[in-house]
Amino acid sequence: MKQIPPHLKKYVAKQHYDDYTPINHAVWRYVMRQNHHVLKDRAHPAFVEGLRSSGIVTEQIPRVSEMNDCLAKIGWGAVIVNGLIPGAVFYELLASGILPIAAEIRKLTNIEYTPAPDIIHEAAGHAPILFDPEYRSYVQQMGEIGTKAFSMKERGEAFEALRQLTIVMEDPNSTDEEKEAAQRLVEQKQQAVVSLSEAEQVSRLFWATVEYGLIGELDHPRIYGAGLLSSVGESKHCFTDAVAKLPYSVVACAASPKVVTEMQSKLFVCKSFDELKAGAELLASTMAYRVGGTESLEKAKLSKQVATFEFNSGLCVTGIVQEVVTDQDGEAIYVKTAGETALSAGKQQLAGHGTDYHATGFGTPIGQLAGGIALESYDDAALAGLGIAIGSSSTLEYASGVVVKGRVKQILRQNDALLLISFEDCTVTLAGRELFKKEWGTYDMAVGSRIVSAYPGAVDPIAYYKVELDLEQSESAEEEQEQEQEQEQEQERERGREQEQEQEQEQEQEQEQEQEQEQEQEQEQSVSLSELEQLYQLTATIRAKQTLSEPDVLALTDIYQKLVSTYPTDWLLRLELLELVVNYPELTLLEAPLREELHELNQAPALTNLITNGLAVIVV
């Protein structure tokens, strides 16, 4: 199983598979049958092939364990999450080769399209096409870029408003007034975003490609975007003249706001997955984690969140950037963080320089000393020539005008790279301004003349966020040790083969007991189901037999009579019954009334596409 980064485990949820109702499974089955039928000629061949090779079944909602088994074939994994998770978390999971899957499934009333993440979208939309290596590489590339993209506080508020909107839109009990209010709040929060952040650019590119992308020629494209692949209505709507097809470009995608409450009015068509990868690389080349410099520090400051900036010496500082002091040319010459800060190098936090030590922040100059001296290039002898030696009093004058004056307490190197010089009795000044006072204690000065990168989050999240290694990781380490021991004791294990066989028999007995318990749980669950849910369940049970007995015929006839008397507007179960009628002559008498009732229900605009599409699959 793919290992989940420890600091992301708080976003992981349980699937609670038994909570899915028979109607939930029927919704899944309807969409999957549509996918197999309609998309075989409209989707990219990678999706069609992926449906076959992924092992995702049509008859019932997949378990996350099954998704893991399927995705393990390509080195990926799957994990259940609670709805719309923060973008940074979503992208880091993708970068780690883990597909986040929302446990929820859309309501029957929203079967054609829903703005809320659900298991149909992720499992049926995203998972199959991941089996294409080029596309999979692009998705992971977008995950890596998204993880490094700076957002802004206003963007976070806009995200929260959008998350609330998806909840309201999915809730069948929401009123028109509540939907309108949620939509207005999204618009209000989006208008408060005065500039386009890196995170928003990445999000828009992801939306226009991974979610709603077309591929091929403009006049004859194919679908590869999961939002289209998982939407029964939109997979057809996108080929109509109501949707403009535009040539793919990063600039055009980033300039197009996401539309989540209705079907798309324009889509971008790329020529190949290689073109997508080239576009993602182009966007990445403009981002702070690649560009560095003053601009990257300013983006970190605007984000108002934990960020990491890296010096050309290799030293990384993680904290909330509070102030960036610049010279007359606008170049950063001093940077300060606020609150808990940590120093790292080589992706690991430096001993003694965690958030406990730098609890109130960290400040340091940036640049060369007067005379063009770059300290990061100096060895100990060269430093001594500048008067920088442990126990010596030193005065360092930067070209920017920053002056550091104190007694050298420690010189920290890692793999010969000079990272940090610590001073006692130290003052740091700039044009009469005191940046650090003696009474504040030890002054730890970063070594580095340039900022080469900046990105959100921590370079060593486990240490920074104080994530404790959980039992699962401990067990994983123990399992590795056990495997080594097993290899050494192979001969001894062979002699104990009879004992292992006895254990296998015991396990088989335990499995039988578990199966009996599951059957009992299913029986208990059937008691708590509504009458309509029980009708769906009984229909599915009979369909799974693939043969009809006389009691089955009577049971299906009773189900139909119950639909007529109690559930006159339920179209999906009628479709399922008609499917059985077409396949079994014993049910011929039900065909005419079922078709007549479906024809009448088909007159309702909200059901026309759904019933027509369902009938098309049955005919085939």
Side-chain angles (χ1 to χ4, degrees), residues 88 148-157 192-195 197-199 287-289 291-311 313 315-344 349-350 353-367 398 400-404 419-420 422-423 426-461 463-466:
K148 301 292 188 182
F150 275 118
S151 185
M152 294 181 291
K153 179 183 178 182
E154 293 78 10
R155 175 52 56 187
E157 293 176 351
V193 180
V194 295
S195 62
S197 68
E198 291 179 347
M287 293 170 58
Y289 85 101
V291 175
T294 302
E295 179 184 356
S296 69
L297 289 176
E298 292 292 354
K299 287 182 177 180
K301 178 184 173 183
L302 285 173
S303 74
K304 300 178 182 179
Q305 297 178 338
V306 172
T308 295
F309 54 91
E310 181 179 352
F311 288 87
S313 63
L315 179 72
C316 296
V317 180
T318 298
I320 298 176
V321 177
Q322 180 185 49
E323 182 181 9
V324 179
V325 182
T326 58
D327 61 16
Q328 58 186 6
D329 297 323
E331 291 298 319
I333 58 175
Y334 199 89
V335 58
K336 291 177 63 177
T337 65
E340 294 185 339
T341 303
L343 308 183
S344 307
Q349 187 170 291
L350 297 176
H353 288 282
T355 55
D356 293 336
Y357 179 67
H358 298 288
T360 59
F362 179 83
T364 188
I366 305 167
Y398 279 78
S400 63
V402 174
V403 178
V404 179
L419 303 177
L420 201 68
S422 299
F423 296 88
C426 184
T427 60
V428 182
T429 58
L430 172 64
R433 177 187 175 186
E434 286 186 303
L435 299 172
F436 191 88
K437 299 180 180 182
K438 289 182 179 181
E439 54 266 32
W440 293 353
T442 300
Y443 181 68
D444 299 296
M445 185 190 79
V447 174
S449 55
R450 291 184 297 111
I451 300 296
V452 296
S453 181
Y455 49 87
V459 66
D460 185 352
Y464 184 84
Y465 296 110
K466 300 181 178 68

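The first residue in the sequence is number 1, and the count goes up from there. The analysis underlying the following values was restricted to heavy atoms, covering all of them including side chains, and did not include hydrogens, waters or symmetry mates.
- Put simply, the side chain of D327 gets close to the backbone of D329: a donor and an acceptor are under 3.5 Å apart.
- In this structure the side chain of V459 never reaches within 4.5 angstrom of the side chain of E310, judged on heavy atoms.
- Annotation: side chain of L297 is in contact with side chain of F309 (closest heavy-atom distance under 4.5 Å).
- For the pair L419/F311, no side-chain contact is recorded, criterion being any heavy-atom separation below 4.5 Å from C-beta on.
- Considering CE of M287 and OG of S197, their distance stands at 9.5 Å, rounded to 0.5 Å.
- Here the CG atom belonging to L315 is positioned 10.5 Å from the CE atom belonging to M445, to the nearest 0.5 angstrom.
- With sequence neighbours left out, the ring pair (Phe, Tyr, Trp, His ring centres under 6.0 Å) criterion links Y443 to F436.
- Rounded to the nearest 0.5 Å, atoms OH (Y398) and CD1 (I333) are 11.5 Å apart.
- Taking E434 as the reference, nothing meets the side-chain hydrogen bond (donor to acceptor under 3.5 Å, both in side chains) condition, with sequence neighbours excluded.
- Considering only residues two or more places apart in sequence or on other chains, R450 meets the side-chain hydrogen bond (donor to acceptor under 3.5 Å, both in side chains) condition with none of them.
- The CG atom of L420 lies 6.0 Å from the CG atom of L343; values are rounded to the nearest 0.5 Å.
- Using a 4.5 Å heavy-atom cutoff, the side chains of I320 and T337 are not in contact.
- Side-chain contact between F423 and V404 is present, with at least one heavy-atom pair separated by less than 4.5 Å.
- With hydrogens and angles disregarded, a donor-acceptor distance shorter than 3.5 Å links the side chain of T294 to the backbone of A332.
- T360 contributes no side-chain N or O that, together with a main-chain N or O of H358, makes up a donor-acceptor pair within less than 3.5 Å.
- Interatomic distance, E198 CD to L302 CG, rounded to the nearest 0.5 Å: 10.5 Å.
- Using a 4.5 Å cut-off on side-chain heavy atoms (C-beta onward), S296 and V291 make no contact.
- Side-chain atoms of T318 and T308 form a donor-acceptor pair, as typed in the model, at a separation below 3.5 Å.
- Using a 4.5 Å heavy-atom cutoff, the side chains of Y464 and T355 are in contact.
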